[in-house]
Amino acid sequence: MSQTYDVVIIGGGPGGYNCAIRAGQLGLKTACIEMRDTLGGTCLNVGCIPSKALLHASELYETAEKDFAGFGIKVSGLEADLAKMMGGKAEAVKGLTDGVAFLLKKNKVDHIRGKGRIAGKGKVEVDGPDGKQTLETKHIVIATGSEVTPLPGVEIDEEHIVSSTGALELKKVPEKLVLIGAGVIGLELGSVWRRLGADVTVIEYLDRILPGMDSEIAKQAQRIFKKQGMAFELSRKVTGIEKTDAGLVVATEAADGGKEKTFEANVALVCIGRRPYTDGLGLETVGIETDKRGFIANDHYKTSADGVWVIGDCTHGPMLAHKAEDEGVACAERIAGKAGHVNYGAIPGVVYTNPEIACVGATEDDLKSEGRKYKTGKFSFMANSRARANHETDGMVKLLADAETDELLGAHMIGKGVGEMISELCLALEFRAASEDIARTSHPHPTMTEAIRQAAMGVEGWTMQA
Ligand code: FAD
Ligand code: NAI
């Protein structure tokens, strides 16, 4: 059987499903192929959503355990019910993946189950539960996402040696958890299991955590996570993992060789990054080549092959759900002949630890290496009235603005709830605001957002609070 479409999207993650919905809204006959049982991709099924559900539940537990007393609240018999937490997580995932299926239907998008493969210009073959079929289409959008980067010599069994997917499904709290990689996944999922009682050691190849984020903020984050009980082994690489009757022995040496050291663990989480997933996609049938790291290049989402587009984790840029979503929408608009656009200079990044870490725009390290002249404004939550009232004084806001024009260039924060607060600065960057614009904008008192305003006043040299 052959079906004809305007757009066939391969992959039903945040990139693919948002592209499909927008294409449907624009009146294009659209199909979205997904090989998982449910829509929503990595993000909804095994990424953003399940991790945030566990982060929230475990944070509530730790708050009750460690912070309630400071507010004069006595708790007795406190206990974490892991099965119930996992149930809550599954419920959130189901509600959202069902919601995506509903949205595709509402926007007249055909959801086709199975693995999609490009079979030459304008043709996509699908091998699914209902057998094989070939779709004819004017446009193909590749939105196949990413997969875990493997660590050579270490085999993931998703039970003892796990990826993020296994770490979201552990049946019991590991006594000793070793994280390989001090990036976003390691710090978020490491926080979950530490809060629930695991002894967590982080092994990181570089001499810092969270590469790519502002180094001053990353340093502060490491100090706070260490205080919370995480142990850090920086400048160290894993050379192998041995399975013994007692558990795992993680062998390491210094990043520059020698200084061998082993770590015992019950579970090891491999989180050294993700790589594009384009296995069996038939790229060769339309002459598309990937770069050395497996990414498909794009020019405004167009690949090198006529009528084939690419969005999300399998093309360049940050591997984030909102970046994939933004590209999905812009790509559908371009296919429909409109001027879809993404401002890559204003895509925020958030690490959902406690405190959270959030950033948008240039880091101080970027500006230094570009030789750009800039002004800095900083404000500590220690001097913010709401933070003090709430006992949430860890962290700071740091703003960077052009030395001559005062245009905001970057914002970096660590503190309770800064993942919500960063959107103000995304908007400021989109509107090319000056830091003085932020400093003169009324912010409600008492809120944590006043720290942003104070940091902006700091850029101007007239901070009001201590
Ligand atoms: P994906 O979400 O990976 O979707 C691609 C889909 O395509 C998959 O469902 C796959 O099954 C399907 N597919 C692949 N090949 C085929 C084929 N040939 N045929 C049919 N279907 C195919 N990002 C954030 O912004 N915030 C977060 O808090 C966050 N948390 C994360 C936590 C974890 C543990 C992980 C692993 C990731 C997290 N991310 C987060 C990253 C985010 O999940 C990804 O950036 C996002 O999912 C990318 O969207 P995508 O549509 O490009 O790809
Ligand atoms: P990452 O790129 O954030 O961090 C990987 C870390 O591993 C880096 O610090 C790197 O230096 C280190 N590393 C690399 N090789 C190593 C080795 N051999 N030994 C020790 N350390 C090594 O990757 P991560 O944490 O796996 O996350 C993957 C992607 O998922 C990220 O790109 C991120 O964008 C996305 N994600 C986003 C989240 C969010 O937005 N809150 C949450 C989770 C994931």
Side-chain angles (χ1 to χ4, degrees), residues 183-184 206 208-222 300 316-327 330 341-352 355-381 383-384 395-415 417-443 447-465:
V184 197
L206 299 176
R208 56 163 293 175
I209 68 167
L210 293 171
M213 286 209 148
D214 185 275
S215 44
E216 185 181 6
I217 299 279
K219 237 181 232 158
Q220 227 187 90
Q222 191 187 334
H300 291 93
H316 296 115
M319 286 180 155
L320 296 172
H322 42 285
K323 176 263 193 187
E325 278 175 41
D326 294 352
E327 288 185 340
H341 171 73
V342 177
N343 177 359
Y344 289 92
I347 296 178
V350 176
V351 187
Y352 296 86
E356 289 178 345
I357 302 159
C359 63
V360 64
T363 62
E364 198 163 355
D365 316 79
D366 294 337
L367 297 176
K368 275 185 188 149
S369 65
E370 281 168 24
R372 188 153 181 186
K373 292 206 169 70
Y374 62 93
K375 301 183 281 183
T376 312
K378 295 182 197 175
F379 197 78
S380 163
F381 284 112
N384 172 277
M396 66 183 284
V397 177
K398 171 170 166 179
L399 301 184
L400 304 164
D402 186 275
E404 277 167 35
T405 64
D406 195 33
E407 181 176 347
L408 182 72
L409 301 174
H412 307 276
M413 311 197 265
I414 176 166
V418 295
E420 300 290 336
M421 287 161 56
I422 196 72
S423 300
E424 166 180 353
L425 296 156
C426 299
L427 203 62
L429 276 182
E430 274 291 346
F431 284 21
R432 301 195 63 179
S435 66
E436 187 179 349
D437 292 324
I438 302 168
R440 292 192 185 278
T441 299
S442 190
H443 284 65
T447 62
M448 302 284 278
T449 66
E450 285 175 291
I452 296 177
R453 187 184 192 188
Q454 290 294 333
M457 287 172 165
V459 177
E460 308 311 311
W462 37 276
T463 300
M464 294 292 169
Q465 291 169 18

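- The nearest pair of heavy atoms linking Gly183 to Leu210 is C-CD2, 3.9 Å.
- Residues passing the side-chain contact (heavy atoms from CB on, under 4.5 Å) test with His316, sequence neighbours excluded: Asp291, Phe295, Ala297.
- The distance from atom CG of Asp326 to atom OH of Tyr344, rounded to the nearest 0.5 Å, is 8.0 Å.
- When atom types are taken as modelled, the side chain of Arg453 and the backbone of Thr441 share a donor-acceptor pair closer than 3.5 angstrom.
- In this structure Thr447 satisfies the side chain to side chain donor-acceptor pair (under 3.5 Å) test together with Thr449, sequence neighbours excluded.
- The salt bridge (charged side-chain N to carboxylate O under 4.0 Å, His left out) check on Glu407 picks up Arg432, with sequence neighbours excluded.
- Under the side chain to side chain donor-acceptor pair (under 3.5 Å) criterion, His443 pairs with Glu424, sequence neighbours left out.
- Considering only heavy atoms from C-beta on, Ile414 comes within 4.5 Å of Met396 through its side chain.
- A side-chain contact (heavy atoms from CB on, under 4.5 Å) with Leu429 holds for exactly one of Asn343, Leu409, Val360; it is Val360.
- Among all heavy-atom pairs drawn from Ala403 and Lys375, the shortest one is CA-CG, 3.7 Å.
- The nearest pair of heavy atoms linking Phe381 to Gly415 is CE1-CA, 3.8 Å.
- Residues satisfying the side-chain contact (heavy atoms from CB on, under 4.5 Å) test with Pro318, not counting sequence neighbours, are Leu320, Lys323, Ile347.
- Here Glu420 pairs with nothing under the salt bridge (charged side-chain N to carboxylate O under 4.0 Å, His left out) rule; sequence neighbours left out.
- The shortest side-chain heavy-atom distance between Gln220 and Ile357 does not fall under the 4.5 Å cut-off.
- In this structure, the side-chain contact (heavy atoms from CB on, under 4.5 Å) partners of Ala401, at least two apart in sequence or on a different chain, are Asp406, Ser435, Val459.
- Heavy atoms only, all atoms of each residue included: Val418 and Glu356 are closest at CG2-O, 3.2 Å.
- Taking Gln222 as the reference, Ile209, Phe232, Leu234 meet the side-chain contact (heavy atoms from CB on, under 4.5 Å) condition, with sequence neighbours excluded.
- Formation of a donor-acceptor pair under 3.5 Å by the Gln454 side chain with backbone atoms of Phe379 is not found in this model.
- For Ala358 against Ile422, the heavy-atom pair with the smallest separation is CB-CB, 3.8 Å.
- Looking at His412, its side chain does come within 3.5 Å of a backbone N or O of Ala362 through a donor-acceptor pair.
- Pairs of residues two or more places apart, or lying in two chains, that qualify as salt bridge (charged side-chain N to carboxylate O under 4.0 Å, His left out) and include a residue from residues 360-371 are Glu364-Lys398.
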Q) Would Leu399 and Leu425 count as a side chain to side chain contact (heavy atoms under 4.5 Å, CB included) if you check the C-alpha gap in whole Å, the side-chain angles of each, and the deciding distance to 0.1 Å? A) CA-CA 9 Å; Leu399 301 184; Leu425 296 156; 4.0 Å; yes

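- For His300, the ring-ring contact (aromatic ring centres under 6.0 Å, His included) criterion is met by no residue, not counting sequence neighbours.
- Glu430 contributes atom CD, which lies 8.0 Å from atom SG of Cys426 (distance to the nearest 0.5 angstrom).
- For the salt bridge (charged side-chain N to carboxylate O under 4.0 Å, His left out) test, residues two or more places apart in sequence or in another chain that qualify with Arg372 are Asp402.
- When all heavy atoms of Ala218 and Arg208 are compared, the closest pair comes out as CB-NH2, 3.4 Å.
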